Amino acid sequence: FKMENWQLARQSYEKAADLDLKDPASAYNVALCFQKERYFLDAAHWYEEYLRRNPNASDKADVLNQIQILRR
């Protein structure tokens, strides 16, 4: 992620998300990578997955707003 190699980072986070279906951080990071790669609908899907995994997230309002923007 720090190297800004979004594709490689995304692949790593996707693997982590698949290995632990309850981990919200990996889902959030997949969303961020997709967003950096300009795959906005995929990013929105993963932000939704983040909220599914963490329904009481402190940043829920911001994430919901981001989903709306990405789905336009």
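We count residues from 1, following the sequence as given. None of these values were measured; they are calculated from a predicted model.
Put simply, the side chain of R38 reaches to within 4.5 Å of the side chain of F40, judged on heavy atoms. Residues L64 and K60 meet the side-chain proximity criterion, which asks for heavy atoms closer than 4.5 Å.
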inquiry  = Run Y47 and D42 through side chain to side chain donor-acceptor pair (under 3.5 Å) and show every step you take.
reply    = CA-CA 9 Å; Y47 281 128; D42 291 320; over 6 Å; no
query = What's the verdict on side chain to side chain contact (heavy atoms under 4.5 Å, CB included) for L41 and W46, showing C-alpha distance, side-chain angles and the deciding distance?
reply = CA-CA 9 Å; L41 294 179; W46 278 96; over 6 Å; no
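Smallest separation of non-hydrogen atoms from A44 and L70: N-CD1, 3.9 Å. The two atoms that bring D18 and L21 nearest to each other are O-CD2, 3.6 Å, heavy atoms only.
Note that the CG atom of N5 and the NZ atom of K36 stand 13.5 Å from one another [nearest 0.5 Å]. Of the inter-residue distances, the one linking L32 atom CG with Q66 atom CD reads 9.0 Å to the nearest 0.5 angstrom. N54 contributes atom CG, which lies 7.0 Å from atom CG of N56 (distance to the nearest 0.5 angstrom).
Transitive grouping of hydrophobic side chains (ILVMFWY, heavy atoms separated by less than 4.5 Å) keeps F34 and L8 in distinct clusters.
Between E48 and R53 there is no salt bridge, since no side-chain nitrogen of the basic residue lies less than 4.0 Å from a carboxylate oxygen of the acidic one.
The salt bridge (charged side-chain N to carboxylate O under 4.0 Å, His left out) check on E14 picks up R10, with sequence neighbours excluded.
For the residue pair E49/Y28, the side-chain donor-acceptor check at 3.5 Å is not satisfied. Counted by atom type alone, S26 and N29 present zero donor-acceptor pairs between their side chains at under 3.5 Å.
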